[in-house]
Asker: 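Could you have a look at this structure, given as structure tokens, before my questions?
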Amino acid sequence: DEPVSALDVSIQAQVVNLLQKVQRELGIAFVFIAHDLAIVRHFSQRVAVMYLGKIIEVGDRDSIYARPRHPYTHALLSAVPEVMLTAQDAPRRERIRLAGDVPSPISPPSGCRFRTRCWKAQDRCAAEEPPLVQLSGNRDGHLTACHFPEEPSTGAREEDIVLDPALAALEEGGPDPAATETTRDG
Ligand code: SF4
């Protein structure tokens, strides 16, 4: 759970490298919980996004990052810093700012837990909890829990997720197999 979040970036790279070495040598899987979307993308083959204690979207890394269907996932990806964007690219970027606070997990909202902060919420969202299902247009294994999901054409651009150079250097060897990472609700 957040194994590298409190570390200096160069140390982060060393720890990530060590974890991947251990994974290669022992052939094990990791459940890696983190807020840093760049590290999640670097480390994981499958990604689960949680909100208020529930998985609201899960799928392979490329599918989740390139084609988020849940509004919360889309908002998370849109909030990544733009330090790598050029002035020409920046105006195309849509940043979604969520209103309100995260409700108490002890007494979550009825229906969809995200509805009190979702800009697409309708009456059905309060009455009926959306099931985690594969939507039309999604890859196998990409599941989303939303009554009114984002269009399949809604995409987060590759450059929206900025990987620190120290971590980027690790990608030369490619990702390790069998890692699973989960972004924490917030
Ligand atoms: S089910 Fe409704 S409130 Fe929940 S994420 Fe989808 S549109 Fe928003």
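Note that the numbering runs from 1 along the sequence shown for the chain.
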Asker: Do Arg69 side-chain atoms and Glu150 backbone N/O form a donor-acceptor pair below 3.5 Å?
Answerer: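 Indeed, once roles are kept as given, a pair shorter than 3.5 Å links the two residues.
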
Asker: For Lys120 and Gln122, what are the C-alpha separation, side-chain angles and deciding distance, and is it a side-chain contact (heavy atoms from CB on, under 4.5 Å)?
Answerer: CA-CA 7 Å; Lys120 304 178 78 175; Gln122 300 184 33; 6.0 Å; no

Asker: Can you tell me how far the CD atom of Glu2 sits from the CG atom of Leu7, to the nearest 0.5 Å?
Answerer: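 With rounding to 0.5 Å, CD (Glu2) is 10.5 Å from CG (Leu7).
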
Asker: Determine which pairs satisfy salt bridge (Lys or Arg N to Asp or Glu O under 4.0 Å) with at least one residue from residues 96-109, sequence neighbours left out, and list them in order.
Answerer: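 Non-adjacent pairs meeting salt bridge (Lys or Arg N to Asp or Glu O under 4.0 Å): zero.
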
Asker: Do Arg117 and Val102 make a side-chain contact, defined as non-hydrogen atoms from C-beta onward lying under 4.5 Å apart?
Answerer: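 Yes; the side chains approach each other to less than 4.5 Å.
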
Asker: Hey, what do you get for SG (Cys118) to NE2 (His74), rounding to the nearest 0.5 Å?
Answerer: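 Interatomic distance, Cys118 SG to His74 NE2, rounded to 0.5 Å: 11.5 Å.
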
Asker: Does Thr73 use its side chain to pair, donor to acceptor, with the backbone of Pro68 at less than 3.5 Å?
Answerer: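 Looks like no, no N/O pair under 3.5 Å.
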
Asker: Among residues two or more places apart or on two chains, list those pairs meeting side-chain hydrogen bond (donor to acceptor under 3.5 Å, both in side chains) that have a residue in residues 103-115.
Answerer: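 Counting only pairs at least two positions apart or across chains, the side-chain hydrogen bond (donor to acceptor under 3.5 Å, both in side chains) contacts touching residues 103-115 are Ser110-Arg115.
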
Asker: Once rounded to the nearest 0.5 Å, what's the spacing between atom CG of Leu37 and atom CD1 of Ile64?
Answerer: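 That separation rounds to 11.5 Å.
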
Asker: I need the minimum non-hydrogen distance between Val58 and Arg46, along with the two atoms involved.
Answerer: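 Between these two residues, the closest heavy atoms are CG2-NH2, 3.9 Å.
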
Asker: Is a donor on one side and an acceptor on the other found under 3.5 Å between the side chain of Gln12 and the backbone of Val4?
Answerer: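 Checking the backbone N and O of Val4 against the side chain of Gln12, a donor-acceptor pair under 3.5 Å is found.
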
Asker: Of the non-hydrogen atoms in Gly111 and Pro130, which two are nearest, and what is the gap between them?
Answerer: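 Minimum heavy-atom separation between Gly111 and Pro130: C-CD, 4.4 Å.
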
Asker: Determine the interplanar angle of the Phe114 and Tyr51 rings, folded into 0 to 90°, and report it as parallel if under 30°, tilted if 30 to 60°, perpendicular if over 60°.
Answerer: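 Judged by the thresholds at 30° and 60°, the geometry between Phe114 and Tyr51 is perpendicular.
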
Asker: Kindly give the heavy-atom pair with the smallest separation between Ile33 and Pro3, and that separation in Å.
Answerer: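 Smallest interatomic distance, heavy atoms only, reads O-CD, 3.9 Å.
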
Asker: Would you mind listing the cluster partners of Ile106? Hydrophobic ones only (ILVMFWY), side-chain contacts under 4.5 Å, chaining allowed.
Answerer: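 Joined to Ile106, directly or through intermediates: none.
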
Asker: Applying ring-ring contact (aromatic ring centres under 6.0 Å, His included) as the test, list every pair that has at least one member in residues 6-26; sequence neighbours left out.
Answerer: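 Sorted result for residues 6-26: empty, none.
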
Asker: Stepwise, does the side-chain contact (heavy atoms from CB on, under 4.5 Å) test hold for Gln20 with His42?
Answerer: CA-CA 11 Å; Gln20 292 184 318; His42 170 78; 3.6 Å; yes

Asker: Once salt bridge (Lys or Arg N to Asp or Glu O under 4.0 Å) is applied, do any residues pair with Asp60, and if so which ones, sequence neighbours excluded?
Answerer: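 Partners of Asp60 under the salt bridge (Lys or Arg N to Asp or Glu O under 4.0 Å) test: Arg139.
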
Asker: Kindly state each residue pair satisfying ring-ring contact (aromatic ring centres under 6.0 Å, His included) with at least one member in residues 123-152, sequence neighbours excluded.
Answerer: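 As it turns out, there is no ring-ring contact (aromatic ring centres under 6.0 Å, His included) pair with a partner in residues 123-152 once direct neighbours are skipped.
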
